[in-house]
Amino acid sequence: MSKAITTREADYSQWYNDLVIRGGLADYSAVRGCMVIKPYGYALWENMRDQLDKMFKATGHVNAYFPLFIPKSFLSKEAAHVEGFAKECAVVTHYRLKNDPDGNGIVVDPEAKLEEELIVRPTSETIIWNTYRDWIQSYRDLPLLINQWANVVRWEMRTRLFLRTAEFLWQEGHTAHASKEEAIEETKKMLDVYAEFVENYMAVPVIKGVKTPNERFAGAEDTYCIEALMQDGKALQAGTSHFLGQNFAKAFDVKFLNKDNSQEYVWATSWGVSTRLIGALIMAHSDDQGLVLPPRIAPLQVVIVPIYKGEDSKPVIDEKANAIVHALRAKGVSVKYDHHDNARPGWKFAEYELQGVPVRIALGLRDIEQNVAEIARRDTREKQTVSLEGIDAFVEKLLEDIQENMYHKAKGFRDSNIREANSWNEFVQLLDEKAGFVSAHWDGSGETEEKIKELTKATIRCIPLHNPQEAGNCILSGKPSSQRVLFARAY
RNA sequence: CGGGAUGUAGCGUAGCCCGGUUAUCGCGCCUGGUUUGGGACCAGGAGGUCGCAAGUUCGAAUCUUGCCAUCCCGACCA
């Protein structure tokens, strides 16, 4: 393993790839566009998943599981939906293999063609709404608040580790409601859950907003999103929550009997976040030394590295270190004592920095004589000497500080990279020279939006919620506009 | 899916143009020893379908064709 990772300045994309691979989060696989999530990366995902799952349960949702395969006819029932996904679906056409009669290994058995082809789910609205039809009879069956943790497949032409792979892990919530108002409330509630999770646990600040019709989820009436800013100034959609209106209820004939004994179509929402969040996490916080992980979701929060001086020092240091391990575990801190003799301290320091472990404690005889330890925090790379008395409380507090500091640092960066543009020239200049979000007036038309995208590669990331109303003129067309929207180049 | 680049041990590489002993070097790995406060040192050792498959040839890492994968740039998307 070579020592240095690519710096952000030298090659941002390569830096990102280096962190994912060398940080031990994931590997490329033998399958085009698909990645292997390694134990360290999966532990990170498990922490994210577990926390989100708690938050979903706390808001009244339950988990269920629907099939990986979707009959082709289902997908075509909602016109906008099929159009949105048709170009990236994997299709199962046969159900059996056989030995090649020419002796060249194994071939698809042409006799085993499926009557109706199956689509590997790119998302599950269709199979779920087809099922909900049977589950919903009356308003008493509503709301139906279901989430599923699953893998989905979208046949992407160009893939990037975590950010865009052909198969990825996610959760998709699918809810059914008796009224439009309640469904919209659910859509916004789950957006808030996502924002709370991403900000408080991942320490990544987000902007809540609504997508323009062009950027809307295929089949939705409204798509709400949280948008985050990466260190290279590109935006990344971190989560989406959709108000689906009655589109899927109508496509799958899902009706309920209301209190007045009349049939109504059900109102729907769906919402999801994926392993893409891991990409956001990496690009929001990490530095040229490696990953920087927020304590609240880091697979390992604290590592203790002993500094041995001769065989005699081992039992002394081990004893003190183990005492710290026990004290920290008692406080619910995840900690590892790396006493392995196959690497020297300097090597371990670099390795744990690469892996983004928030806190490192170095402990040697010299420290023990003075009843102290050296504590290094990953986010600022600062070191300090701390008394062994009450070191557990100190670390507990430090982890909170790191979490806070990471959020504020990311927020400071994000806030200083939202700029207003009041002319086309200024708009183009800001995008090219500063990147980040550009807040500008837009005339509200899809044509203008498309044109701006063509000219600058920037898209409207969102119309922020609670957006201040302000009269102005569209940056491109000059037509009147009532509010600014956020533009950025995006992942 | 279009353009460009790459693929030799776990990682990084030399060799390829101009075919010819046992495929080079460094890191890592194993054994033993000395070490340990920012990626240690000495000695010995193991590890290879040269991305895969055909072809040309007496002979292919090297030449030809096809395929696979990865990276970068476009079009598409979470």
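A note on names: the letters A, B, ... follow the listed sequences, proteins ahead of strands, and every chain is numbered from 1.
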Nearest-Å distance once atom [atom1] is located in both [N] and [M]:
N	M	atom1	result
G19(B)	G32(B)	P	48 Å
C11(B)	G47(B)	C1'	14 Å
U22(B)	C27(B)	C1'	24 Å
U6(B)	A78(B)	P	34 Å
U57(B)	G51(B)	P	23 Å
G10(B)	C17(B)	C1'	31 Å
C73(B)	G20(B)	C1'	41 Å
G12(B)	G59(B)	P	34 Å

Check whether any side-chain nitrogen or oxygen of Arg344(A) sits under 4.0 Å from OP1 or OP2 of U36(B), and answer yes or no.
no
Distance check: side-chain N/O of Tyr352(A) vs OP1/OP2 of G38(B), anything under 4.0 Å?
no
May I have the distance from [X] (atom [atom1]) to [N] (atom [atom2]), rounded to whole angstrom?
X	N	atom1	atom2	answer
Ile317(A)	G37(B)	CD1	P	11 Å
Phe349(A)	G37(B)	CZ	P	8 Å
Gln370(A)	G37(B)	CD	P	17 Å
Ile307(A)	U35(B)	CD1	P	17 Å
Met35(A)	U70(B)	CE	P	12 Å
Arg360(A)	G39(B)	CZ	P	12 Å
Ile375(A)	G38(B)	CD1	C1'	18 Å
Gln289(A)	G39(B)	CD	P	14 Å

With a non-hydrogen cut-off below 4.0 angstrom, is Gly279(A) in contact with a base, only sugar-phosphate, or nothing?
nothing
Just checking Tyr28(A): base, sugar-phosphate only, or nothing, at a heavy-atom cut-off of under 4.0 Å?
sugar-phosphate
side-chain hydrogen bond (donor to acceptor under 3.5 Å, both in side chains) partner of Glu353(A), the single match among Arg381(A), Gln289(A), Arg378(A)
Arg381(A)
Closest-nucleotide 5' rank along RNA chain B - winner of Glu353(A) and Val31(A)
Glu353(A)
When you get a sec, tell me which of G39(B), G37(B), U36(B) is the closest nucleotide to the side chain of Trp347(A)?
G39(B)
Of the candidates G38(B), U36(B), U70(B), the side chain of Arg32(A) sits closest to U70(B)
For [Y], does its backbone N or O pair with a side-chain atom of [X] as donor and acceptor, under 3.5 Å?
X	Y	answer
His285(A)	Met202(A)	yes
Asn322(A)	Asp318(A)	yes
Gln301(A)	Pro295(A)	yes

Do Arg360(A) and Phe349(A) meet the cation-pi criteria used here (NZ or CZ under 6.0 Å from the six-membered ring centre, within 45° of the axis)?
yes
What one should report as the nearest heavy-atom pair of Val204(A) and Ala228(A) is CG1-CB, 3.7 Å
Any side-chain heavy atom of Lys314(A) sitting closer than 4.5 Å to one from Asp341(A)?
yes
Do the ring planes of Phe168(A) and Trp170(A) sit parallel (below 30°), tilted (30 to 60°) or perpendicular (above 60°)?
perpendicular
Under 30°, 30 to 60°, or over 60°: which ring-plane class applies to Tyr194(A) and Phe56(A), parallel, tilted or perpendicular?
perpendicular
For the side chain of Lys383(A) and the base of G38(B), is some donor closer than 3.5 Å to an acceptor across the two?
yes
Summarise protein proximity over nucleotides 72-78 of chain B in one line of letters, 5' to 3': B for base, S for sugar-phosphate only, - for none, counting protein heavy atoms closer than 4.0 Å.
SBBBBBB
My understanding is that only residues two or more places apart in sequence, or in another chain, count here; which of them pass ring-ring contact (aromatic ring centres under 6.0 Å, His included) with Tyr12(A)?
Trp15(A)
Under the 3.5 Å Watson-Crick or G-U criterion, the dot-bracket string of RNA chain B, with | for inter-strand pairs:
((((((((.[[[..)....(....]]].((((((.....)))))).....[[[[[..)....]]]]])))))))....
Take Ile307(A) and Leu363(A) through the side-chain contact (heavy atoms from CB on, under 4.5 Å) test and state the conclusion after the steps.
CA-CA 6 Å; Ile307(A) 315 289; Leu363(A) 191 63; over 6 Å; no
